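Right, one structure below, let's go through it.
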Amino acid sequence: MEDKIICVPGQRLCLSDDEHVSGSGTYERQGYIYATVAGVVDLVKQDKGFLVQVHNKEQSIVPMPGDVVTCKVNVINQRLCRCSITCIGDTVLMRPFRAILRKEDVRATEKDSIEMQKCFRSGDIILAKVLPMKEIHSYQITTAENELGVVIAHSESGGVSMVPISWTEMQCPKTYNREFRKVAKVGPENIVID
């Protein structure tokens, strides 16, 4: 490739077949390879074809399916929460990405009895996992694992950081008021086993 091909995020680059494999800066969807960042397309010769990559000077990180992300809950209604992804793993993002947490993706069981207002509140910080993309303008996330859910919440009465007391409740240490949440089971990072 002598001429450089410049692309923008979401631009379709080529077919995803036996000859072309998705690499860094790209993703595969419905038989095609798309760019995830703005930059220059690079084809790397491999044994059985080409690895399609997109490079830019300040390579940005984007959420990929399976990534654990930290989000802030912005808006809640009966069917879903609208969130902002602020971190991917340990990496803090320069700009947030939009995400949607649907009612069906809150818990692995008892999906019909979930009330979104009893699981999350606006301003909560949650841990979630990125699902495969179905919409172009926002990511879909899930909290349907024990380790995922609300990690930081402030009480409605005093604005004080609450502490988890069960899987479904957090308590204000000042007023002792309890509020419902889908609490994440967060363990210590360094566990010493004898």
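As the structure is a prediction and not an experimental result, all values here were calculated from the model.
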| message | Do Cys83 and Ile100 have side chains that approach each other closer than 4.5 Å (heavy atoms only, starting at C-beta)? | response | no
| task | For the residue pair Tyr139 and Pro63, establish whether any side-chain heavy-atom pair is separated by less than 4.5 Å. | result | yes
| request: Kindly indicate whether a cation-pi arrangement holds for Lys45 with Phe50, taking the cut-offs as under 6.0 Å to the six-membered ring centre and within 45° of the axis. | output: yes
| query | Is there a side-chain contact between Glu147 and Leu127 (heavy atoms, below 4.5 Å)? | reply | no
| request: Determine, using the 4.5 Å side-chain heavy-atom cutoff (strictly less than), whether Ile126 and Ile88 are members of one ILVMFWY cluster. | output: yes
| query | Are any side-chain N or O atoms of Thr26 and backbone N or O atoms of Gly23, one a donor and one an acceptor, separated by less than 3.5 Å? | reply | yes
| query | Does a sphere of radius 6.0 Å around CD in Gln78 hold more than 12 heavy atoms from other residues, nucleotides or ligands, not counting ones at 6.0 Å or beyond? | reply | no
| Glu179 side chain to Glu156 backbone, donor-acceptor under 3.5 Å | yes
| field | Joint cluster assignment, Val130 & Val73, ILVMFWY side-chain distance < 4.5 Å | value | yes
| request: Run through Glu115, Lys118, Met116 and flag the one making a side-chain contact (heavy atoms from CB on, under 4.5 Å) with Val106. | output: Met116
| query | Any sub-3.5 Å donor-acceptor pair from Thr86's side-chain atoms to Thr70's backbone N or O? | reply | yes
| said: Using 0.5 Å steps for rounding, measure from the CD atom of Gln11 to the CD1 atom of Ile6. | reply: 10.0 Å
| field | For Glu104, salt bridge (charged side-chain N to carboxylate O under 4.0 Å, His left out) partners two or more places apart | value | Arg102
| query | Between Asp18 and Lys48, is the closest basic N to carboxylate O distance under 4.0 Å? | reply | no
| task | Flag yes if Ile85 and Ile76 sit in one hydrophobic cluster, no otherwise; membership is Ile, Leu, Val, Met, Phe, Trp, Tyr, and two members link when side-chain heavy atoms are under 4.5 Å apart. | result | yes
| said: If we ignore hydrogens and angles and just use 3.5 Å, is the side chain of Asp67 paired with the main-chain N or O of Val69 as donor and acceptor? | reply: no
| query | What is the minimum heavy-atom distance between Leu13 and Cys7, and which atoms define it? | reply | CD2-CB, 3.9 Å
| task | Looking only at non-hydrogen atoms, find the nearest pair between Ile141 and Cys71 and report the distance. | result | CD1-SG, 3.9 Å
| message | Once rounded to the nearest 0.5 Å, what's the spacing between atom CD of Gln140 and atom CG of Leu101? | response | 9.5 Å
| message | When you compare the side chain of Val163 with that of Met170, does any pair of heavy atoms fall below 4.5 Å? | response | no
| Quick one: do Phe120 and Phe97 end up in the same hydrophobic cluster if we chain Ile, Leu, Val, Met, Phe, Trp and Tyr together by side-chain heavy atoms under 4.5 Å apart? | yes
| said: Under the rule for side-chain contact (heavy atoms from CB on, under 4.5 Å), what residues qualify as partners of Glu169, not counting sequence neighbours? | reply: Ile165, Ser166, Arg178, Phe180
| field | Side-chain donor or acceptor of Gln171 paired with backbone N/O of Tyr176 under 3.5 Å | value | yes
| said: Just to verify, what does Asn77 make a side-chain contact (heavy atoms from CB on, under 4.5 Å) with, not counting sequence neighbours? | reply: Arg79, Leu80
| task | Provide the closest heavy-atom pair for Ser22 versus Leu51 in the form atom of the first, atom of the second, distance. | result | O-CD1, 3.7 Å
| query | Can Lys129 and Leu148 be said to form a side chain to side chain contact (heavy atoms under 4.5 Å, CB included), step by step? | reply | CA-CA 8 Å; Lys129 191 173 275 189; Leu148 306 175; 3.8 Å; yes
| Hydrophobic cluster identity match, Val21 and Val41, side-chain contacts under 4.5 Å | no
| query | When you measure from the side chain of Lys182 to the backbone N and O of Thr143, does any donor-acceptor pair fall under 3.5 Å? | reply | yes
| Hey, does Val160 have a side-chain heavy atom less than 4.5 Å from the side chain of Pro173? | yes
| message | Any heavy-atom pair between the side chains of Pro65 and Leu131 that's under 4.5 Å? | response | no
